[in-house]
Colleague: 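Before I ask anything, let me first share the structure, which is written out below as structure tokens.
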Amino acid sequence: MKIESKLAQIGNRQDPGTGAVSAPIYHSTTYAHPALGQSTGFDYTRTLNPTRKILEDAIADLEGGVRGFAFSSGMAAVHAVFSLFSPGDHVIVSSDLYGGTYRVLEHIFRPLGIEATYVHTGHLEEVEAAARDTTRALFIETPTNPTMQITDIAAASLFARRRGWLTIVDNTFMTPYFQRPIELGADIVVHSATKFLGGHNDVLAGLVVAKSDEIAERLYFVQNSIGAVLGPQDAWLLMRGMKTLAIRMERCAMNASAIAAWLDARDDIVKVYYPGLDTHPGKSICSKQASGFGGMVSFEVLDARMVPFILEHLKLVTFAESLGGVETLITYPSRQTHADIPEEIREKVGVTDRLLRLSVGIEHIGDLIDDLSQALDHAAEQVLSRRR
Ligand SMILES: *Cc1c(COP(=O)(O)O)cnc(C)c1O
């Protein structure tokens, strides 16, 4: 079955007793045992919940893995994945990284003896140089957040497998609709489902998918032991959002591509980061491993003083953290999502105080461009004393 059909059908035919088309929400925290030593398969909700299981089965199927796990947030999912490692272990991680992942690695895992080195994971010579005897995994974001660096997932996974490392991909930006890392060789996929999967800025959730039974067993142990599971109401809300993922991703990518080209043509924009632009160094690899370029566009304005004028003047586009919803949002990464990353690391990957990031929604493209146009014109006029 094609992915559009799988998505639309999430939750259907899961409750034969009633024929419910929308997955039922099981709030019960405990489940009666038919007799001593017997179980319906459900005992206690942290261990397994019927609503959460429908979601977990769905994401495993969508990503092409053996088992899925739903967590209370993307960070809980990332935390669960790094909990697979032990003191003394080392991981190599994409340097242009979601700020929260950097924070959990540096401030939770490093003090516990699990160290990370940050490199451009698309440059395998950098990965090679960072390798240690204790290296256990390669953790990749592609495209990265916010400068859209691309890593060849198949090449990186092969490189890691030959050394006995796990390959973990944060697939939040692309979703399984555009990119399926397990099919390309990755061992684990992690998501902030708060973003494109949920798609409506109304549910916080994280998902993990394992490629093999062995990894799935270990992840299940971590999930049940730590207990940061997704509640049944949120699991249902996430599935409701995921049903329309295909049409949302198509529209977000179409709008993002038009906005990237439009921004690229302006002389008050120094640089546009979008993997679908011909000038993007990762375009050919991204086209090879993904069926779309996604809905995220970052851009650098000529002068940092333009930023407050742009943010205050937008009327349709909302100045807010987060991404992946139907509503277009604009973020100022150096002050918001990436504020926890030291300035020298930020500047090196391009997260300067001139960089803004758009999460492009599904509004009419004409309205989005009109809004961006009036805000940028206003900022240019105020700061660069330009009249248009
Ligand atoms: C948001 C995000 C996370 C963290 O997810 P939460 O749901 O906010 O906890 C992790 N990785 C990426 C790429 C993200 O965008």
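As the structure lists them, so they are numbered: ligands from 1, and atoms in each ligand from 1.
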Colleague: Is ligand 1 under 4.0 Å from a heavy atom in the side chain of L204, in the backbone, in both, or in neither?
Modeller: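 For L204, only side-chain atoms sit under 4.0 Å from ligand 1.
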
Colleague: Checking a contact table here: which protein heavy atom is nearest atom 7 (O) of ligand 1, and how many Å away?
Modeller: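 The answer is T194 OG1, 2.6 Å.
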
Colleague: Which heavy-atom pair separates A379 from I310 by the least distance, and what is that distance?
Modeller: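 Closest heavy-atom pair between A379 and I310: CB-CG1, 3.5 Å.
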
Colleague: Nearest protein heavy-atom contact for atom 12 (C) of ligand 1: which residue, which atom, what distance?
Modeller: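 For this ligand atom, the closest protein heavy atom is D170 OD2, 3.4 Å.
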
Colleague: Checking a contact table here: which protein heavy atom is nearest atom 15 (O) of ligand 1, and how many Å away?
Modeller: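 Nearest neighbour among protein heavy atoms for atom 15 (O) of ligand 1, to 0.1 Å: K195 NZ, 2.7 Å.
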
Colleague: For E214, is there an ion pair with R218 - N to carboxylate O distance below 4.0 angstrom?
Modeller: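 Looking at R218 and E214, the cut-off is met.
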
Colleague: Measure the distance from atom 9 (O) of ligand 1 to every protein heavy atom, then report the residue, atom name and distance (to 0.1 Å) of the closest one.
Modeller: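 Ranking protein heavy atoms by distance from atom 9 (O) of ligand 1, first comes M75 N, 2.8 Å.
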
Colleague: For S94 and T121, which heavy atoms make the closest approach, and how far apart are they?
Modeller: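 That would be OG-OG1, 2.8 Å.
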
Colleague: Return the closest protein heavy atom for atom 3 (C) of ligand 1 as residue, atom name and distance.
Modeller: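 Going by distance alone, atom 3 (C) of ligand 1 is nearest to Y98 CE2, 3.3 Å.
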
Colleague: Quick one: look up the protein heavy atom nearest atom 5 (O) of ligand 1 and list residue, atom name and how far away it is.
Modeller: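 Checking every protein heavy atom, the shortest distance to atom 5 (O) of ligand 1 gives S192 OG, 2.9 Å.
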
Colleague: Given G198, G74, A193, G99, which has its nearest heavy atom closest to atom 6 (P) of ligand 1?
Modeller: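 Answer by nearest heavy atom: G74.
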
Colleague: What's the shortest heavy-atom distance between M296 and R357, and which atoms?
Modeller: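 So the minimum-distance heavy-atom pair works out to CE-NE, 3.4 Å.
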
Colleague: Kindly compute the distance separating CD1 (I153) from CG (L158), expressed to the nearest 0.5 Å.
Modeller: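 With rounding to 0.5 Å, CD1 (I153) is 13.5 Å from CG (L158).
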
Colleague: State, yes or no, whether a side-chain contact exists between I114 and R136 at a heavy-atom distance under 4.5 Å.
Modeller: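 I114 does not reach R136 side chain to side chain.
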
